[in-house]
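For reference, the structure is listed below as structure tokens.
All of these numbers come straight from a predicted model, not from anything done at the bench.
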Number of protein chains: 2
Amino acid sequence: MAIHKKEEFTQKEQDLAAFAKALSHPARIAILKVLAQRNECICGEIVDVLPLAQSTVSQHLKELKLAGLIDGTVDGPKSCYCINWKAFQKFNAEFNTLFTNLKLKNEKSCC
Amino acid sequence: MAIHKKEEFTQKEQDLAAFAKALSHPARIAILKVLAQRNECICGEIVDVLPLAQSTVSQHLKELKLAGLIDGTVDGPKSCYCINWKAFQKFNAEFNTLFTNLKLKNEKSCC
DNA sequence: GGCCATTATCGTATTTTTACGATTAATTTT
DNA sequence: AAAATTAATCGTAAAAATACGATAATGGCC
């Protein structure tokens, strides 16, 4: 890959791509589902549910956090994760806008 | 990575992840925008617009096609690409369902 | 204080992704 | 028929993602 070319696209394209990337692994989608199923912060039970090693889950959590989709507070031996609804909402809206804008121009396929 | 673990998740999680993956690069989002801006099939002008080599663009197109988001017919020296609106619609709907389902359970963050 | 449980981080291996140049393939044009 | 145009494919290199075990870190419990 030598040189990264991602920076040459618009910020919006990059942001949306980063959001999509955060959701581009089934484990991370599964994690979000688990997080959503609770009213409280999840403290570790994610590892039990997923077919992945503890360190791997931790890595996925880190990526979700980096993408801004979840918040996490470290509380000593236990960590507390939950969905960042605000960010999620924002991305969902932007996603729908992309879809809508795409559709606005053309409704018919020609191939 | 030794062993792929993706298969151990539900089909729906895998499908959504695959869709997200297709959109996880700004170049592919940019390509979709270009495709949507035309009423006809695009025959090559994509390379001129993007800051990428012809072979790289071709690769991105291949991935979008593989994900089912675009259709393409090879017509000798010229190729003809356009968005597969049906598939797009389907994925958009599933995406919104995911969001809605997540939100259904919990509206408040706790971290 | 020492031990336990829990989670992050580190080191590492493997795979996948991204990117490009060169080549090939298929028409169109000359 | 030869040359030109266009786009896919191949080969390859470098980077990023995925996964795990081992280790470190942090706070609670005895």
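Protein atom CG of L50(B) is 10 Å distant from nucleotide atom P of dA19(C), rounded to whole Å. We find that CD1 of I29(B) is positioned 16 Å from C1' of dT18(C), with the value rounded to whole Å. dA17(D) atom P lies 17 Å from atom CG of L52(A), rounded to whole Å. To the nearest angstrom, C1' of dT18(C) lies 15 Å from CD of Q14(A). For the pair E8(A) CD and dC20(C) P, the interatomic distance rounds to 9 Å; values are reported in whole Å. Rounding to whole angstrom units, CG of residue L23(B) and C1' of dT18(C) are separated by 17 Å.
Two rings, from F95(B) and F91(B), have their centers 6.0 Å or more apart.
Using a distance-only test at 3.5 Å, with no hydrogens or angles considered, no donor-acceptor pair links the side chain of S58(A) to the main chain of S55(A). In terms of modelled atom types and a separation under 3.5 Å, the side chain of E13(A) and the main chain of A27(B) share no donor-acceptor contact. A donor-acceptor pair under 3.5 Å is absent between the side-chain atoms of T56(A) and the main chain of L52(A), judged by distance alone. With K21(B) contributing its side chain and H25(A) its backbone, the two residues share no donor-acceptor pair below 3.5 Å. A donor-acceptor pair is defined here as one N or O able to donate and one able to accept, closer than 3.5 Å; no such pair exists between the side chain of E63(A) and the backbone of H60(A). Remark: the backbone N or O of F9(B) is paired with a side-chain donor or acceptor of Q14(B) at under 3.5 angstrom.
Phosphate proximity of dA17(D) to K21(A): present, with a side-chain N or O under 4.0 Å from OP1 or OP2. In this structure, Y81(B) does not reach the dT6(D) phosphate: none of its side-chain N or O atoms is under 4.0 Å from OP1 or OP2.
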### Task
I would like to know whether Q11(B) and D15(B) meet side-chain contact (heavy atoms from CB on, under 4.5 Å); could you show each step before the answer?
CA-CA 6 Å; Q11(B) 192 60 48; D15(B) 289 349; 3.1 Å; yes
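Ring geometry for F99(B) against F19(A) counts as parallel: the plane angle stays under 30°, on a 0 to 90° scale with 60° as the upper cut.
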Enumerate the protein-to-nucleotides 24-30 of chain D contacts in which both atoms are nitrogen or oxygen and the separation is below 3.5 Å.
none

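Looking at residues 53-65 of chain B, you'll see A53(B), S55(B), T56(B), Q59(B), H60(B), E63(B) sit with a heavy atom under 4.0 Å from some atom of DNA chain C.
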